*Asks:* 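Got a structure here, written out as structure tokens. Questions coming.
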Amino acid sequence: MPELPEVETTRRGIAPHITNRTVTKVTVRDPRLRWPVPRRLSQELAGVKITAVGRRGKYLLLETENGTAILHLGMSGSLRIVDSKQPVGKHDHVDIVFDNNRILRLTDPRRFGTLLWTRRPPKQHKLLRDLGPEPLGPDFTGAYLHARSRGRKVAIKNFIMNGHTVVGIGNIYASEALYMAGIHPKRAAGRISRKKYQLLAEVVREVLNDAIAMGGTSLRDFVNSDGKPGYFRLELNVYGKGGEPCISCRTLIREIRQGQRATFYCPECQR
DNA sequence: AGAGGTACCTGGCAGC
DNA sequence: TGCTGCCAGGTACCTC
């Protein structure tokens, strides 16, 4: 479900409610996420203060003085700030309760999400250690993409969706960015010019920033921490628009599969 | 090393 | 109304 803009929207939504608040209790109703929620999470978090809510790629980091909770929303996860009167739903797997009687509630129907605990600096954690640069940070440049892709035969769409290349670009924004840059999604990553990569890096930043400004994209069930949807869906150019005319040239948008994921592109504008 | 496929899980929807 | 099959915003891990 969430790509980087949705995760960042979530981070911004929850941070003011829980930063500098102390956890009073953690209720794990169902520990069966992608990996089991560690039993010690409750003891580790209880009584400690959240010092910051960080993000690395699509991982959210609830930082404390004792360690860090590493949280990922997977395909269908969401976090909401609720109070204790809020009825518990079927997929409300974890509650982190705070001293201001607010609850950070993790909902995740498909349970592809992650909630782990580490005492070490989170960047050293196995899941975060080898991640590529942040797309909105200074290390993500056309020169970087160009250098990194030399000799690679992988399709450009798969290349930019790989978290070891760059974090945060999921299936929606990969199609959108390639459309904006005029790059065919099946082009071999190693056969794209430095100049095209410069454009690609720019449009990736643009599309992610715009989506964050709109509160993310809601396709089916994404809601932010207030339970409201995002509105970036209205801005999508190609994603989910197979068979519709390209807004630029009127050629019909094509839908193909790449690695069992849907890809949308304009065969005229993208080469 | 790189490329590509598989697995994890539930729910919604189209088609019969 | 049911049933079946397919699809869904992610990514670690496996094999070749």
Side-chain angles (χ1 to χ4, degrees), chain A residues 1-11 29-37 55-60 70-79 89-94 106-116 125-132 135 147-177 185-191 204 207-208 211-212 214-224 229-236 238-243 255-264:
Chain A
M1 162 194 67
E3 300 190 35
L4 188 143
E6 293 72 43
V7 176
E8 179 61 17
T9 297
T10 298
R11 191 192 69 76
R29 293 186 200 84
D30 190 345
R32 298 174 306 159
L33 298 185
R34 178 162 195 180
W35 294 281
V37 176
R55 180 183 61 73
R56 177 74 176 98
K58 297 172 193 163
Y59 289 93
L60 287 169
I70 299 174
L71 200 155
H72 196 292
L73 298 174
M75 289 277 260
S76 58
S78 61
L79 286 170
K90 186 176 174 187
H91 304 294
D92 294 341
H93 306 312
V94 180
L106 173 66
T107 306
D108 187 2
R110 291 175 75 180
R111 292 191 275 112
F112 289 171
T114 301
L115 178 53
L116 298 173
H125 193 276
K126 189 180 170 194
L127 292 174
L128 307 187
R129 201 170 49 197
D130 301 319
L131 292 178
R148 174 105 200 184
S149 61
R150 290 312 86 188
R152 300 287 302 274
K153 293 182 176 158
V154 66
I156 182 61
K157 186 193 178 222
N158 297 327
F159 181 66
I160 60 171
M161 283 181 68
N162 183 341
H164 299 296
T165 305
V166 54
V167 296
I169 304 176
N171 205 38
I172 298 178
Y173 301 113
S175 278
E176 291 298 316
K186 286 175 106 168
R187 276 272 293 282
R191 300 192 53 195
V204 162
V207 73
L208 295 179
I212 291 169
M214 304 279 291
T217 297
S218 291
L219 288 190
R220 290 161 196 81
D221 49 9
F222 173 73
V223 289
N224 63 29
Y231 293 96
F232 192 72
R233 184 181 189 176
L234 305 172
E235 311 287 313
L236 298 176
V238 288
Y239 188 87
K241 295 189 185 286
E255 174 173 1
I256 59 172
R257 312 231 121 232
Q258 286 181 284
Q260 27 271 66
R261 312 298 301 276
T263 300
F264 300 88

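The structure displayed is predicted, hence computed values, not measured ones. Letters A, B, ... are given to chains in the order of the sequence lines, protein chains preceding strands, and every chain is numbered from 1.
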*Asks:* Could you check L71(A) against Y59(A) for side chain to side chain contact (heavy atoms under 4.5 Å, CB included), going step by step and ending with a plain yes or no?
*Replies:* CA-CA 6 Å; L71(A) 200 155; Y59(A) 289 93; over 6 Å; no
*Asks:* With heavy atoms under 4.0 Å as the rule, sort Y59(A) into base, sugar-phosphate or nothing.
*Replies:*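 Sugar-phosphate only.
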*Asks:* Mind calculating the distance between CG (N171(A)) and C1' (dG10(C)) to the nearest angstrom?
*Replies:* 10 Å
*Asks:* What's the separation between atom CZ in R152(A) and atom CZ in F159(A), rounded to the nearest 0.5 Å?
*Replies:*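 Reported value, rounded in 0.5 Å steps: 5.5 Å.
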*Asks:* Could you state the interatomic distance from CG (L73(A)) to CD (E6(A)), rounded to the nearest 0.5 Å?
*Replies:*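 One gets 10.0 Å once the value is rounded to the nearest 0.5 Å.
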*Asks:* How long is the span from the CD1 atom in I156(A) to the CZ atom in R187(A), to the nearest 0.5 Å?
*Replies:*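 It comes to 8.5 Å.
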*Asks:* Would you say R261(A) reaches dG10(C)'s phosphate, i.e. side-chain N/O to OP1/OP2 under 4.0 Å?
*Replies:* yes
*Asks:* Pick base, sugar-phosphate or nothing for R34(A), based on heavy-atom distances below 4.0 Å to the nucleic acid.
*Replies:*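 Since a base atom lies under 4.0 Å of R34(A), the category is base.
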*Asks:* To the nearest Å, how far apart are R32(A) CZ and dC9(B) P?
*Replies:*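 These atoms are roughly 8 Å apart.
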*Asks:* How many Å lie between CZ on F264(A) and P on dG9(C), as a whole number?
*Replies:* 8 Å
*Asks:* dA12(C) C1' sits how many Å from L73(A) CG, rounded?
*Replies:*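 Distance, rounded to whole Å: 17 Å.
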*Asks:* Quantified in whole Å, what is the P atom distance between nucleotide dC6(C) and nucleotide dT6(B)?
*Replies:*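 It works out to 14 Å between them.
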*Asks:* Roughly how many Å is it from CG in L33(A) to P in dC9(B), rounded to a whole number?
*Replies:* 11 Å
*Asks:* Are there runs of at least three consecutive Watson-Crick or G-U pairs touching DNA chain B, with each pair's two distances under 3.5 angstrom? Give them by first number.
*Replies:* B:2-8 with C:10-16, B:10-16 with C:2-8
*Asks:* Would you please confirm or rule out a distance under 4.0 Å between OP1 or OP2 of dG11(B) and any side-chain N or O of K90(A)?
*Replies:* yes
*Asks:* Taking 4.0 angstrom as the limit, do K58(A) and E3(A) come out as a salt bridge?
*Replies:* no
*Asks:* For a quick test of reading the model: is some side-chain N or O of H91(A) closer than 4.0 Å to OP1 or OP2 of dC9(B)?
*Replies:* no
*Asks:* For E176(A) and V238(A), which heavy atoms make the closest approach, and how far apart are they?
*Replies:* OE2-N, 2.9 Å
*Asks:* So does R110(A) get a side-chain nitrogen or oxygen closer than 4.0 Å to the phosphate oxygens (OP1/OP2) of dC8(B)?
*Replies:*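 No.
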*Asks:* Kindly state whether the pair F112(A) / dC8(B) counts as stacked, where counting means centroids closer than 5.5 Å and planes tilted less than 30° apart.
*Replies:* yes
*Asks:* Round to a whole Å and report the spacing from NZ of K126(A) to P of dA12(C).
*Replies:* 9 Å
*Asks:* Using atom CG of L116(A) as one end and atom P of dA12(C) as the other, report the distance to the nearest whole Å.
*Replies:* 11 Å
*Asks:* Rounded to the nearest 0.5 Å, what separation is found between the CZ atom of R191(A) and the CZ atom of R150(A)?
*Replies:* 10.5 Å
*Asks:* To the nearest 0.5 Å, what is the distance between CG on N158(A) and NZ on K186(A)?
*Replies:* 10.5 Å
*Asks:* Can you tell me how far apart CE (M161(A)) and CD1 (I172(A)) are? Round to the nearest 0.5 Å.
*Replies:* 10.0 Å
*Asks:* Which letters describe nucleotides 1-6 of chain B, given B = protein heavy atom under 4.0 Å from base, S = only from sugar-phosphate, - = neither?
*Replies:* -SS-SB
*Asks:* Nearest-Å distance, CZ (R111(A)) to C1' (dA8(C))?
*Replies:*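 Those two atoms, CZ and C1', are 17 Å apart.
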*Asks:* By nearest nucleotide on DNA chain C, pick out whichever of W35(A) and A262(A) is the more 5' one.
*Replies:* A262(A)
*Asks:* Y239(A) and T263(A): side chain to side chain contact (heavy atoms under 4.5 Å, CB included), yes or no, with the steps?
*Replies:* CA-CA 7 Å; Y239(A) 188 87; T263(A) 300; over 6 Å; no
